[in-house]
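Chain A is the first sequence line, chain B the second, and so forth, proteins listed ahead of strands; every chain is numbered from 1.
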Protein chains: 2
Amino acid sequence: MTENRPPDARPAAPPRPGMKEVADRAGVAISSVSRVLSGHRDVSAVMRNRVLDAVAALGYEPDILAQSMRTGETMTIGFIVSDISNPLISEIALGAETVLRESGYGMIVVNSMNESHIELEHISLMNRRRADGLLLSLASETNPTLPSTLERLHVPVVLVDRHMKGLEANHMVHSDHRAGMNEALDRLYSLGHRSIALINGSLAVRPSRERANALRRFAKAHPDLQTSVRSGEFTGTYGYAVAHELLQEPSPPTALIAGSNQILVGVLRALRDLALRVPDDVSLIACDDSPLAEFMSPALDTIKRDPKRLGGEAASVLLALLRGESPDPVTLPTYFEQRASSASPPTTQKEALLR
Amino acid sequence: MTENRPPDARPAAPPRPGMKEVADRAGVAISSVSRVLSGHRDVSAVMRNRVLDAVAALGYEPDILAQSMRTGETMTIGFIVSDISNPLISEIALGAETVLRESGYGMIVVNSMNESHIELEHISLMNRRRADGLLLSLASETNPTLPSTLERLHVPVVLVDRHMKGLEANHMVHSDHRAGMNEALDRLYSLGHRSIALINGSLAVRPSRERANALRRFAKAHPDLQTSVRSGEFTGTYGYAVAHELLQEPSPPTALIAGSNQILVGVLRALRDLALRVPDDVSLIACDDSPLAEFMSPALDTIKRDPKRLGGEAASVLLALLRGESPDPVTLPTYFEQRASSASPPTTQKEALLR
DNA sequence: TTGAAAGCGGTACCAT
DNA sequence: ATGGTACCGCTTTCAA
């Protein structure tokens, strides 16, 4: 107010105040300010008030960078995902962030665009940002550079529904994809399906492998069942191409399982192009739910997991690791939600003749 | 390999190497290491090689915190969103991140869970993290604390499809929601609809207000048109409640516009509960696309915007601001995509009699 | 109970 | 062309 201010100096906002400014204003030492703010005991009430007043007056907010610099902790977790715009992933991220926030951690999400080299770049970047820990939803578990990169890291890492040889089991949070697949397969088989195709995502990640395995096992246990697994990539384009091809084979599968949200979109497009009806002409089962899946006609049968929980559990495990504990390995359930997109297969003989 | 290693010393990983270690190993001064790494000129080839070798050998990675501390720049942008699990938002985030990354910026996304006080907390937190700039998709533009909070900030802020009085126009990126709404309304009107209801999100944010305005204007220009705008919140629950109520009125609207993804889900649920068919009994138009919307039966007519672009433009504007430029205000288009969920209204008289 | 000063890991200025 | 050093904003001994 009564401050001396030359006409054209400091014309704009005052610079961000630091502890120094607070200390000066309160007429105390910098270290005292720090003590008050860190809630240290052995500070007189007078001191506390003087400092707090100055803080309020200046609108002072401690610099987290400087704090991190000193303490060595950034209270930041990095989460590397393939594509945040995938609703499955964004829910996982939300679940993780929620849990981390409760413990005072912030989360930085970065997208690898499903490219391993970007992923590695991001890992390095998070390392340079001194993230206290990493959550990884890898684009590919088979990247040869990865294991050594992770070892070089000086912070704990938790894989989200991914597997990696050599990594301790309690550094990975898994879903039991087989369970859901088996339920779905039981359903299809009992409906009379004897030819089932899985249009699968990339085998470089665990969920796809587990689903493929589940189908193979099921086939082994049911010798009269024809199965085909077409693993490729998590894209609509891929889903379209494979569905289109499979459904035009001489004796096409009577049931399709789409290995991801993105693949599902491609499959639906192919179905539409071929004017095939679900479930009359072919049964369809999706992996992972979408907001509108239950409102489709027919409502889509879905193999579900709880993505928010998956993210939350991964975060919890990471927090435990951060505390130096050795948490138990986590495996989360998946299950089949029957809606209306699977039904008995068309009587193939007849159908074929009619065409 | 041939290293001397006492039995129980350094049993685990060596500590993160710093510039000091690099300098020692290369037998040069710390400042020289810095110069080499910052690509400074005036460094001899010998020096460069010595340093680079040491860096490689040690796997040294510069500490971004320390850099930021000195330079004052964190190369980090904070993005505060209501809910990253909303596909619209996550696409916006992806668009923004992509653009920022190209300029070397990282992005921290945090969720406000649609609560203003969490939003404020996050703004403060980003400030303390010394984010170089902020992207805001506010839960509510009417939070009274907000303007002063933003003024206190010493970094540029860009609002994403939000408006705020007193903020310069080029600090906001807007969508032209009226355009898309008008196209949709033209369509409905020409189909013969004379009673249209907008189940709208919260008026505390611009998109909802613009849509409401568009509908009101349209009504004013078409005196024979009955309209109702029910603004509330962006949730399925709200969408369900309002749709359920509206559709049971004595003379219910013949066309519904759902003001968001979440609202849409509620509306669909209500429609299902009431056993109403789209578009035979009622026409339905969605705001903002969903991956499965085009595969619904009927495929959903949708008022679209390009969320990736929206995020990208917001990021570009922020980058310009960061460079000290004064970018032009941005307004992005929206448009109506006709699919199959709107049709002529049922002949109301007859229908009413038949019931 | 409070103050002074070292140091976290870099950058950049000033000498040499 | 290279080395020495102050400093960024804070925490944390150590003394007083």
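- Between A:Met75 atom CE and D:dC10 atom C1' the separation is 16 Å, expressed in whole Å.
- Partners of A:Asp24 under the side chain to side chain donor-acceptor pair (under 3.5 Å) rule, at least two apart in sequence or in another chain, are A:Lys20.
- Put simply, CD1 on A:Ile30 is 13 Å from P on D:dC7, counting in whole angstrom units.
- Taking atom CZ of B:Arg70 as the reference point, atom P of D:dT5 lies 16 Å away to the nearest angstrom.
- A donor-acceptor pair is defined here as one N or O able to donate and one able to accept, closer than 3.5 Å; such a pair exists between the side chain of A:His171 and the backbone of A:Val157.
- Of the residues in residues 39-54 of chain B, not one places a heavy atom less than 4.0 Å from an atom of DNA chain C.
- For B:Ala29, the side chain to side chain contact (heavy atoms under 4.5 Å, CB included) criterion is met by B:Ser31, B:Ser32, not counting sequence neighbours.
- A donor-acceptor contact shorter than 3.5 Å is absent between the side chain of A:Arg25 and the backbone of A:Ala54.
- For the contact set between residues 22-29 of chain B and DNA chain C, defined by any heavy atom under 4.0 Å, there are no members.
- In this structure, B:Met69 atom CE and D:dA6 atom P are separated by 18 Å, rounded to whole Å.
- Under 4.0 angstrom from either OP1 or OP2 of D:dC10 there lies no side-chain N or O belonging to A:Gln67.
- No side-chain heavy atom of B:Val173 sits less than 4.5 Å from a side-chain heavy atom of B:Asp161.
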Enumerate donor-acceptor pairs with a distance under 3.5 Å from any side-chain N or O in residues 93-109 of chain B to protein atoms, sequence neighbours excluded.
{"from": "B:Glu97", "atom 1": "OE1", "to": "A:Asn111", "atom 2": "N", "distance (Å)": "3.3"}
{"from": "B:Glu97", "atom 1": "OE1", "to": "A:Asn111", "atom 2": "ND2", "distance (Å)": "2.2"}
{"from": "B:Glu97", "atom 1": "OE2", "to": "A:Asn111", "atom 2": "N", "distance (Å)": "3.4"}
{"from": "B:Thr98", "atom 1": "OG1", "to": "B:Leu94", "atom 2": "O", "distance (Å)": "2.7"}

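- In this structure, A:Glu313 contributes its side chain and A:Leu310 its backbone to no donor-acceptor pair below 3.5 Å.
- Note on residues 62-79 of chain B: pairs passing side-chain hydrogen bond (donor to acceptor under 3.5 Å, both in side chains), not counting sequence neighbours, are A:Arg129-B:Thr76, A:Arg130-B:Asp63, B:Thr74-B:Asp132.
- Sorted by first and then second residue, the side-chain hydrogen bond (donor to acceptor under 3.5 Å, both in side chains) pairs with a member in residues 37-48 of chain B form an empty list; sequence neighbours excluded.
- Although no hydrogens or angles enter the test, the distance criterion places a donor-acceptor pair under 3.5 Å between the side chain of A:His174 and the main chain of A:Arg162.
- Legend: residues meeting side chain to side chain contact (heavy atoms under 4.5 Å, CB included) with A:Pro327, ordered by chain and number and at least two apart, are A:Asn170, A:Val317, A:Ala320, A:Leu321.
- Between the A:Asn127 side chain and the A:Ile123 main chain, no donor and acceptor come within less than 3.5 Å of each other.
- Comparing the end axes of the helix from C:dT1-D:dA16 to C:dT16-D:dA1, each fitted to five base pairs by superposing C1' atoms of four pairs onto the next four, gives an inter-axis angle of 50° (nearest 10 degrees).
- Regarding A:Arg16, its CZ atom lies at a distance of 12 Å from the C1' atom of D:dC10, rounded to whole Å.
- In this structure, B:Ile30 and B:Val33 have side chains that are not in contact, with every pair of non-hydrogen atoms separated by 4.5 Å or more.
- Using modelled atom types, one side-chain atom of A:Arg50 and one backbone atom of A:Ala26 make a donor-acceptor pair closer than 3.5 Å.
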Polar pairs (N or O, both sides) under 3.5 Å between protein and nucleotides 13-16 of chain D?
none

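- Between A:Met19 and A:Ser34 there is a side-chain heavy-atom pair separated by less than 4.5 Å.
- Interface limits on DNA chain C: the 5'-most and 3'-most nucleotides within less than 4.0 Å of chain B heavy atoms are C:dG9 to C:dC13.
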Please list, one pair per line, the donor and acceptor atoms closer than 3.5 Å that link side chains of residues 136-149 of chain A to other protein atoms, with sequence neighbours excluded.
{"from": "A:Ser140", "atom 1": "OG", "to": "A:Thr142", "atom 2": "N", "distance (Å)": "3.1"}
{"from": "A:Ser140", "atom 1": "OG", "to": "A:Thr142", "atom 2": "OG1", "distance (Å)": "2.8"}
{"from": "A:Glu141", "atom 1": "OE1", "to": "A:Arg209", "atom 2": "NH1", "distance (Å)": "2.9"}
{"from": "A:Glu141", "atom 1": "OE1", "to": "A:Arg209", "atom 2": "NH2", "distance (Å)": "2.7"}
{"from": "A:Glu141", "atom 1": "OE2", "to": "A:His163", "atom 2": "N", "distance (Å)": "2.9"}
{"from": "A:Glu141", "atom 1": "OE2", "to": "A:Arg206", "atom 2": "N", "distance (Å)": "2.8"}
{"from": "A:Asn143", "atom 1": "OD1", "to": "A:Thr145", "atom 2": "N", "distance (Å)": "2.9"}
{"from": "A:Asn143", "atom 1": "OD1", "to": "A:Thr145", "atom 2": "OG1", "distance (Å)": "3.3"}
{"from": "A:Ser148", "atom 1": "OG", "to": "A:Thr145", "atom 2": "O", "distance (Å)": "3.0"}
{"from": "A:Thr149", "atom 1": "OG1", "to": "A:Thr145", "atom 2": "O", "distance (Å)": "2.8"}

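- As a whole-Å value, the separation of A:Asp63 CG from D:dC7 P is 18 Å.
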